[in-house]
Structures are given as structure tokens and as C-alpha cells.
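Notes to accompany the following structure.
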Amino acid sequence: MQKGAKGWPYRSKPVRFGYGNSLRLTEKRHFDRVFRQASVRRAHPPLRLIAIPNAKTTPRLGIVVGKRALRRAVDRNRLKRAIRESFRNEQHRLPSMDIIIQAMPGKDGMNDSTEWANALSLLWKDLNGEG
RNA sequence: CGAGUUGGCCAGGCAAUCGCUGGCAAGAUUUUUUGUCAGAGGAAAGUCCGGGCUCCAUAGGACAAGGUGCCAGGUAACGCCUGGGGGGCGUGAGCCCACGGAAAGUGCAGCAGAGAGUAGACCGCCACACAUUAAUGCGUGGUAAGGGUGAAAGGGUGUGGUAAGAGCGCACCGCAGGCUUCUGGUAACAGACCUGGCUAGGUAAACCCCACCUGGAGCAAGGCUAAAUAGAAAUCCGUUCGCGUGGUCCGCGCGGGAUUUGGGUAGGCUGCUAGAGACAUUCGGUGACGAAUGCCGUAGAGGAAUGAUUGCCCAAGACAGAACCCGGCUUACAGGCUGACUCAAUCC
């Protein structure tokens with residue numbers, strides 16, 4: 001791929017911003033482990049972060065957006081995409097932890113994308129402080 | 001040009017960069033890299049119907065329960081669609097209708113009113129008797145034309161008739177019957193004719209009756225492969241008991257016994273997208289639709305992809321996200337394009 005050399009002169013070495021399967025929580029037991037043994041809990045409404053250290057070299061992300069938080073499937077998809085995108089951009093600054101981002105039911109600002117963005121950046125900052 | 005009716009179609013576009021999922025090819029060699037191609041909807045929604053598919057019997061019998069309900073056609077099927085009939089609304093194009101049976105039975109109907117389903121005398125009208133002075137009062141009887149009540153008063157209008165009245169008689173309209181009359185129509189039905197009499201009110205998305213239809217569960221269905229652990233399959237025999245099976249019973253299958261052989265949860269793979277398929281032309285049909293020929297290749301995730309940032313353009317972007325697949329219905333929806341038709345005005 002040419003892009004690293006040509007289109008992105010400000011990036012000195014090729015750092016990948018992908019979001020493959022190794023960066024995701026893919027099974028129910030992974031989620032259960034995080035919820036049970038959570039060592040970090042932070043909340044910036046409308047979002048909540050739960051995390052534990054993992055044995056990998058990278059962070060892993062899981063997203064929980066329930067029907068009670070956002071009724072319409074379109075809105076749930078939009079929020080999940082925003083969270084994934086944010087994680088993708090932040091992943092190299094984050095410690096190696098299994099992280100779950102959860103939408104809090106019954107909070108305002110669920111449909112406001114700037115609220116998500118603010119909450120996410122605060123959560124990432126908190127997590128770096130912990131790590 | 002204005003007002004309106006109805007059918008079809010579209011659902012911001014382009015570019016750059018960073019990402020996601022899948023197919024194919026190549027490299028690496030056991031799950032990654034590179035290239036390339038593809039990647040949400042008209043409703044993907046509500047889950048209200050109908051099918052396919054899978055397992056339980058090949059889905060079978062009885063009862064129960066539910067659904068449908070003018071006729072004909074279309075279809076894999078339908079509660080859908082098309083055409084027709086009947087009724088209602090609209091000047092019209094057109095729109096709306098759960099549109100079988102109330103003389104099989106049961107039930108229900110507030111208030112008002114004399115009386116509400118075997119009708120019924122409150123006022124009025126009429127006759128007779130009595131009282132007093134012509135008129136009135138009182139009593140007895142007749143009367144459903146008029147008033148009044150009500151959503152509804154037991155056919156309507158006219159005429160004869162009568163003490164006053166009344167389908168009491170007659171004419172027309174309406175109604176019922178003609179199962180086996182005639183004409184048109186495949187039929188629903190329409191028209192004609194004959195007979196009858198005025199009875200048989202409403203309600204069946206009240207029970208009910210009649211006709212027709214419906215077995216149950218669902219892709220977490222089901223199949224293959226398989227750590228831990230010792231629960232299995234095939235064949236034969238048998239039907240006390242338990243389970244499959246759903247509301248019940250019958251029936252059927254499995255567990256049971258014998259023989260032989262090897263099996264199975266987490267996980268993985270599969271089911272998983274080529275289908276009642278799309279488009280074009282021709283032919284048949286009023287139409288829904290069907291047939292033939294040609295041509296196209298069109299999401300397939302699985303904690304769940306189709307996004308983010310930036311720029312430009314315009315009329316400034318609604319409702320909304322596939323989860324086994326189709327056919328419908330219903331509901332939501334910014335705006336735009338387009339076919340046909342109606343009404344009114346004007347011009348020729």
C-alpha cells in the first residue's frame with residue numbers, strides 16, 4: 001500500500017488503525033468476565049465504561065447498546081459505529097485491557113452525536129489515567 | 001391555467017483519505033498480506049395472514065378450538081389481487097362495505113312514552129245511554145286517520161268505504177313465496193309473469209345454525225464433526241409404565257428386552273442464499289396473470305459489516321437498518337418525476 005508513504009507525510013512509521021477480530025470481545029464469557037471482575041468503572045452520561053486488564057498486547061472492545069437505551073435499530077447502529085470509530089482512532093494510546101462501553105438507559109443526549117464524542121474522549125482520558 | 005381523482009417510479013449526487021464484511025486471484029503457509037469486485041429497504045418495520053424449508057408419522061381419525069363468509073377468475077397459497085353483481089356516498093373521475101342465515105332455538109335493548117313485539121286508547125274522533133236548556137259533563141263501547149313520545153309505533157300513496165275508522169276492498173309502489181314458470185347471464189344477479197297477503201321489527205365483529213378451511217413446533221428448526229465425561233446407533237421382539245405431542249382421546253414413534261456395532265455436551269462447520277428470481281421482447285387474456293424466447297448474476301453478518309472525516313454541487317436530503325427465504329396486508333414517510341381521467345372557466 002502506497003498511502004503510508006505518499007498520502008500521509010505526517011506519519012513517520014506505519015501504524016495500523018484497523019479494527020479486526022483480535023481487538024473485539026466476541027464471546028459471551030468474555031463479556032461476563034469483564035462485568036464480574038471489573039477493576040475500572042467510569043461513567044460520563046450517556047455512556048459508561050467497564051474494564052479489566054487482559055493478557056494481550058492490545059486493548060479489546062465490546063459494546064453494549066440495549067433496546068432500552070435506544071429504541072430504534074438505526075440509532076443503535078449509529079451509536080455503535082461512533083464508538084467503534086473512536087476506539088479505532090484511540091487504540092494505540094490505550095492500555096491493554098478488555099473494555100466494555102455501555103449505553104446508559106433512560107439518559108438524555110442519546111441522539112446527540114457531540115454528547116457521545118465528549119463522553120468518549122472523557123472516558124478514554126480516565127482510562128489512560130488508570131493505566 | 002385552476003380544483004380534484006387514480007396508477008407507476010425515485011428516495012441526495014460526485015471526489016479524496018482512513019476503516020468494516022464477503023467472493024475471486026496471487027503471495028505467504030494455517031490464518032494472515034496484497035490486488036480486485038460486491039455490499040440494506042420501499043417499507044428491511046408491525047409480526048397481522050398465506051406458503052416454501054426442517055423435525056415430529058406419509059400429518060391420520062373423533063371431539064374441542066380458531067378462522068373465512070355475494071359470484072367468477074388469478075395464484076404455490078391466502079384473510080391478497082383482478083373482473084363482475086348488490087347496497088351507500090359524490091355534479092363527476094371515483095371512493096366505501098365483515099355483503100351467508102333472524103318463519104331451528106336462546107338472549108339483549110337506557111330514557112321517554114298509554115303502548116316496544118302474543119302490540120297499544122294518553123289526547124283526539126265516533127256511536128249509544130244518562131244528566132241539565134242548544135252545548136257541556138259523566139259512563140259504556142268502537143276506532144290506529146290525526147296529535148304527542150321515541151333511534152324505532154307493526155307497509156306507503158291514492159281512492160272506495162264507514163257512525164268514525166282500519167288491507168276492510170281496489171290501483172300503483174314495496175314485501176314474501178314460486179324448491180319444479182319464462183328471458184338474459186358460467187354465476188352472484190337482473191327483468192318478466194303467477195300467487196299471496198300485509199304477516200315474519202332490530203341485533204349473528206351476542207350465543208348459535210349452515211358451508212368451506214386449519215395437525216404442532218420453529219433456522220436457538222435441523223444436519224455433520226467433535227475436548228471433558230460414559231449418556232449412543234442399527235436389526236429383531238414387545239406395547240404395563242414414562243416421554244415425544246401440541247386442548248383431550250385414539251393411533252403412531254422412542255425409551256424397555258435380546259443381538260451387533262461403536263458413539264456424544266462446550267466449541268467448530270453447515271443450514272445461508274439461484275429464487276413461486278429480475279429485466280426486455282412477442283403472444284394469449286377486459287384484467288389480475290400466464291406462456292415462449294433472449295439476457296443478467298444481485299448482501300449474507302454471527303457481541304452481529306455497509307461507517308467516519310474533508311471538499312464541491314443542488315430544489316438542502318423524510319421514514320427508517322437485512323438475521324432462513326418468498327407472496328400479501330397494515331403502519332411510518334421530506335421532497336421530486338411521470339401516465340390516465342374528471343369538473344369548472346377561458347380561447348379557437
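So that the names make sense, note that chain A is the first sequence line, chain B the second, and so on, each numbered from 1.
For B/A93, the base is anti relative to its sugar; the glycosidic angle deviates from 0 by more than 90°. B/G42 takes the syn form, because its glycosidic angle lies no more than 90° either side of 0. Base orientation for B/U273: syn, the chi torsion being within 90° of 0. Base orientation at B/G231 is syn, since its O4'-C1' glycosidic dihedral falls within 90° of 0. Annotated as syn: B/G167, whose glycosidic dihedral is within 90° of 0.
Nucleotide B/G2 has B/C343 as its partner under the Watson-Crick or G-U criteria, with both atom distances under 3.5 Å. Across all strands shown, B/A276 forms no Watson-Crick or G-U wobble pair with both distances under 3.5 Å. Base-pair partner of B/A266: not found among the strands shown (Watson-Crick or G-U wobble, both distances under 3.5 Å). A 3.5 Å limit on both hydrogen-bonding distances identifies B/U82 as the Watson-Crick or G-U partner of B/A72. Across every strand in view, B/G307 sits in a pair with B/C18 that passes the Watson-Crick or G-U test at under 3.5 angstrom. Nucleotide B/A234 forms a Watson-Crick or G-U wobble pair with B/U259, both donor-acceptor distances falling under 3.5 Å.
Residue A/R76 comes nearest to A/L70 through the heavy atom pair NH1-O, 2.9 Å, listed as atom of the first residue, atom of the second, then distance. Residues A/A119 and A/H44 share a closest heavy-atom pair of CB-O, 3.4 Å.
The gap from the P atom of B/U132 to that of B/A166 amounts to 37 Å, rounded to the nearest Å. Taking atom C1' on both nucleotides, B/A276 is separated from B/U306 by 30 Å, rounded to a whole Å. Here the separation of B/C279 from B/A308, taken at their C1' atoms, is 36 Å to the nearest Å. Comparing the P positions of B/G22 and B/A292 gives an interatomic distance of 40 Å, to the nearest angstrom. When the C1' atom is used for both B/C55 and B/G328, the distance is 28 Å, rounded to whole Å. For the P atoms, the distance linking B/G101 with B/G107 amounts to 23 Å, nearest Å. Spacing of C1' atoms, B/G231 relative to B/C254, comes out at 16 Å, to the nearest Å. B/A299 and B/C314 have their C1' atoms separated by 31 Å, with the value rounded to a whole Å.
Listed pair A/R88 / B/G19 fails the phosphate criterion, with no side-chain N or O lying under 4.0 Å from OP1 or OP2. Taking only side-chain nitrogens and oxygens, A/R72 never comes nearer than 4.0 Å to OP1 or OP2 of B/A332.
When atom types are taken as modelled, the side chain of A/R42 and the backbone of A/L123 share no donor-acceptor pair closer than 3.5 angstrom. A/Q91 contributes a side-chain N or O that, together with a main-chain N or O of A/R88, makes up a donor-acceptor pair within less than 3.5 Å.
For A/R76 and B/A322, the CZ to C1' distance is 14 Å, given to the nearest whole Å. Rounding to whole angstrom units, CZ of residue A/R78 and P of B/U309 are separated by 12 Å. Nucleotide B/A320 holds its C1' atom 14 Å from the CG atom of A/L70, rounded to whole Å. Atom CD1 of A/I101 is separated from atom P of B/A304 by 14 Å (rounded to the nearest Å). Spacing between atom CD of A/E85 and atom P of B/U310 amounts to 12 Å, rounded to whole angstrom units. Here B/G303 presents its C1' atom at 13 Å from CG of A/D98, a figure rounded to the nearest Å. Distance, A/D75 CG to B/C319 P: 10 Å, rounded to whole Å. Nucleotide B/G321 holds its P atom 15 Å from the CG atom of A/L79, rounded to whole Å.
A/V74 and A/V65 fall into different hydrophobic clusters, where Ile, Leu, Val, Met, Phe, Trp and Tyr side chains are chained together by heavy-atom contacts under 4.5 Å. Hydrophobic clustering of Ile, Leu, Val, Met, Phe, Trp and Tyr side chains at less than 4.5 Å, counting indirect connections, keeps A/L122 apart from A/L47.
Heavy-atom distances to RNA chain B give each of A/A82 and A/V64 a nearest nucleotide, and the one nearer the 5′ end belongs to A/V64. When each of A/K80 and A/V74 is assigned the nucleotide of RNA chain B bearing its nearest heavy atom, the one mapping closer to the 5' terminus is A/K80.
Side-chain to base pairing of A/R60 with B/G303: no donor and acceptor N or O lie closer than 3.5 Å to each other.
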